[in-house]
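In this text, all values refer to a predicted model and were calculated from it rather than measured experimentally.
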Amino acid sequence: MKQYIILAATACLAIAATSCSEFLEEDMRSSFTPETIYASSLGFEVGSAGLYSIARSEYNTWGEEGAFIHNGACPYEALQVGTDLCDARNGGDGSLIPFSQLTLNSNTQFVKTYWQWAYNLIGSANELLLYAAENTNWDNATDQAVYSAEARFFRAYAYRYLVYLYGDVPWVETIQKPFVLSFTRTPKEEVISHIVEDLKYASENLPENPDAVKQGKLTRWAAYHYLSEMYLLQKDYANARNAAQAIIDSKYYELTTSHYGVNASGEVAGDAFSDMFLENNQNRDKGNKEAIWVMQFQYEYQKAGGGTPSDDWTRRAWNPMYFGISGFTLSAEYGGRGLAQILPMKWWIGTAGTNATGDYGNGIFDDGDMRNSEYNIKRTWVYNNEKEPSLYGKQCNITDATWTAGQLYPALTKFFYGKSDNLSMTGGYRDRMRIRLPETYFLLAEACLGLGDSQGAADAVNEVRRRAKVSNVSAADMDLDFLLDERIRELCGEEVRRFTLLRTGKLIERVKKYNSAQKDIITEQFLLWPIPQTIIDANRDVEFPQNPGY
């Protein structure tokens, strides 16, 4: 199966649209051509799999398996630091410093590569759409519509990143032949309307029943989820509410409330929340009815064709370097080998159970919150190196020094991944839940707040809170800041935090309140990233404006 995905990715790279010249860099890596691939339903399945491969390469690095964004930290970390959530570790990966210290410019690495990644995905989607419109050799009557829906979903997915990061960007919906060197920036509002059109098509033509598709394949409910989010960007709160409610009313999804799958018997210590992050517990065939879209990063560890640990590097971002402290040694139980590239902020994660300077208690978690249990946030660290008997078995306290150095701090166990026979592993094999039902409830709550329906917002949030075993929030206490805090409690490290804060108009306010490194330097300039200089230079026939302040 893994070889099939590699083939699909290679094919998709081979035909990655060159419609935007420097926007979409041609990189022919094989003899595949669109004409030879897109001649049957099987060819479109291969091309479709390539779109999935490009999309998940955001979580890759160092170029393995055809990653488009590489040679630094895991790219998605740049969308987490510089918010109210976490910050880059001093002395950590230099690719994150421009985003944590707001020194980014038009030549900054991820500023360039996110643009390239998005337009590669757009170009490949446009290529599939072009040939789908021309092909007449289909195995099933619905194939043309389904593959077109997948392509339009991924085109919308890529443009979602572009409008959040750069604002006005060129809308490209077909392959440009010959190369065009006179692109103009399409207004953000117009691009968002195109995204909505693509997602509406996807919601009408993707399969309905998640039990009737292969693991990881899109259904219409993933399209509804992002459609709700895009309506929120348009401040169309009624349609945002309706799109989110459609997912909930479909009855295909439900919150996880008990042990299931690989831990159905409860042999592994944990709870309903931690169970979702156990390896092989992400997909629907294992009983996970909460995940709406799961990116497939692996199949089986140490099996031929089972993938590599380089596919998802997010685990090394969040996990501490405890093994650098005398008395510790690498352990699968402690999450394997982390690099602590980003550090959680104390205001929300708290310091309870430690002697760190400053008492933040349990942060923003209520007593008894399942998401704050030791199974989900590791706060107690015990020396585990038997070769140092004077320390072995004793608790090591978290301090400001261990936190700042990235060696020891309260850590999110959802990112733990270790194998006893390969403790130096840097990445992970576990599939990634890209959309979970709780986020849909939060989109519903956000829409209700936009409509002035505080009770409706509270009702939506309380569905998630009841699973977490905490008290309901009242309509009187339900506001946007409470919702943003609740998203941290539930989705920390899963959502794109920068996008959430931009959409709600809260980025600057909450950075000033919670991010000491940026509170005095963040301005409206930093609501957008700069346009990559290579793009401005390549568009030689027409001036391509830079974003203000850069």
Side-chain angles (χ1 to χ4, degrees), residues 59 61-62 71-74 76-78 80-81 85-97 99-101 277 309-310 312-346 348-358 360 363 374-430 492-493 516-517:
Y59 301 102
T61 189
W62 297 108
N71 298 333
C74 180
Y76 110 121
E77 296 170 51
Q80 306 288 337
V81 302
L85 184 68
C86 60
D87 207 351
R89 174 174 58 85
N90 290 334
D93 200 299
S95 63
L96 296 175
I97 299 304
F99 304 96
S100 65
Q101 298 183 0
F277 301 94
S310 302
D312 186 356
W313 289 70
T314 53
R315 59 161 303 283
R316 73 176 188 164
W318 291 95
N319 293 356
M321 298 184 292
Y322 60 90
F323 47 86
I325 299 176
S326 180
F328 283 98
T329 187
L330 280 170
S331 164
E333 179 187 357
Y334 287 179
R337 178 176 178 263
L339 293 183
Q341 291 171 327
I342 50 182
L343 304 177
M345 292 178 178
K346 292 178 182 177
W348 71 266
I349 203 167
T351 59
T354 76
N355 69 344
T357 302
Y360 289 82
E374 182 69 12
Y375 306 122
N376 296 302
I377 299 181
K378 185 167 183 57
R379 303 177 182 279
T380 303
W381 297 84
V382 175
Y383 293 110
N384 67 338
N385 191 345
E386 296 180 0
K387 295 180 179 180
E388 299 190 44
S390 63
L391 294 173
Y392 182 73
K394 297 179 180 179
Q395 182 174 338
C396 179
N397 289 321
I398 297 172
T399 68
D400 275 350
T402 66
W403 198 316
T404 302
Q407 293 180 314
L408 219 60
Y409 48 83
L412 299 166
T413 63
K414 65 172 71 172
F415 292 106
F416 280 17
Y417 189 89
K419 295 291 185 180
S420 58
D421 59 345
N422 188 4
L423 290 172
S424 295
M425 186 187 303
T426 52
Y429 286 75
R430 183 172 48 206
C492 179
S516 59

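- Residues passing the side-chain hydrogen bond (donor to acceptor under 3.5 Å, both in side chains) test with Ser420, sequence neighbours excluded: none.
- For the pair Trp348 (side chain) and Cys86 (backbone), a donor-acceptor distance under 3.5 Å is absent.
- The line from CD1 of Ile377 to OH of Tyr409 is 12.5 Å long, rounded to the nearest 0.5 Å.
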Inset, instruction - Check the pair Tyr59 / Trp313 against side-chain contact (heavy atoms from CB on, under 4.5 Å), numbers first and verdict last. - result: CA-CA 6 Å; Tyr59 301 102; Trp313 289 70; over 6 Å; no

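- Panel note: side chain Arg315, backbone Tyr417; a donor-acceptor pair is recorded below 3.5 Å.
- Closest heavy-atom contact between Asn384 and Ser331: ND2-CB, 3.3 Å.
- A donor-acceptor contact shorter than 3.5 Å links the side chain of Thr404 to the backbone of Asp400.
- Listed by first and then second residue, the salt bridge (Lys or Arg N to Asp or Glu O under 4.0 Å) pairs involving residues 331-341 amount to none (not counting sequence neighbours).
- Here Phe277 pairs with Phe273 under the ring pair (Phe, Tyr, Trp, His ring centres under 6.0 Å) rule; sequence neighbours left out.
- Shown here for Leu85 and Gly493, the closest heavy-atom pair between the two residues is CD2-N, 4.5 Å.
- Put simply, CD on Gln341 and OG on Ser100 are 12.0 Å apart, with the number rounded to the nearest 0.5 Å.
- Annotation: salt bridge (Lys or Arg N to Asp or Glu O under 4.0 Å) contacts involving residues 404-416, sequence neighbours excluded, comprise Lys414-Glu494.
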Legend entry - Step-by-step side-chain contact (heavy atoms from CB on, under 4.5 Å) determination, Asp87 to Ile342: CA-CA 5 Å; Asp87 207 351; Ile342 50 182; over 6 Å; no

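- Taken to the nearest 0.5 Å, the CG atom of Asn385 stands 9.0 Å off from the OH atom of Tyr392.
- Shown here are the side-chain hydrogen bond (donor to acceptor under 3.5 Å, both in side chains) partners of Trp318, two or more places apart in sequence or in another chain: Tyr76.
- Separating the CD atom in Gln407 from the OG1 atom in Thr399 is a distance of 8.5 Å, to the nearest 0.5 Å.
- Between Ile349 and Arg379 there is a side-chain heavy-atom pair separated by less than 4.5 Å.
- Across all their heavy atoms, Ala78 and Leu96 have their closest contact at N-CD2, 3.7 Å.
- Between Pro410 and Trp403, the closest side-chain pair of non-hydrogen atoms falls below 4.5 Å.
- Under a 3.5 Å cut-off, the side chain of Glu388 and the backbone N or O of Gly327 do form a donor-acceptor pair.
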Inset, instruction - May I have the step-by-step check of side-chain contact (heavy atoms from CB on, under 4.5 Å) for Tyr375 and Thr413, ending in yes or no? - result: CA-CA 7 Å; Tyr375 306 122; Thr413 63; 5.6 Å; no

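- For Tyr334, the ring pair (Phe, Tyr, Trp, His ring centres under 6.0 Å) partners at least two apart in sequence or on another chain are Tyr322, Trp381.
- With hydrogens and angles ignored, the 3.5 Å screen pairs no side-chain donor or acceptor of Asn319 with any backbone N or O of Ala411.
- Taking the side chain as every heavy atom from C-beta outward, Leu412 and Cys492 approach each other to under 4.5 Å.
- Thr402 contributes atom OG1, which lies 5.5 Å from atom CD1 of Ile325 (distance to the nearest 0.5 angstrom).
- Of all heavy-atom pairs between Arg89 and Ala405, the closest is CD-O, 3.3 Å.
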Legend entry - Derivation of the side-chain contact (heavy atoms from CB on, under 4.5 Å) call for Asp312 and Arg430: CA-CA 8 Å; Asp312 186 356; Arg430 183 172 48 206; over 6 Å; no

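- Remark: side-chain polar atoms of Lys378 are paired, donor with acceptor, to backbone N or O of Thr380 under 3.5 angstrom.
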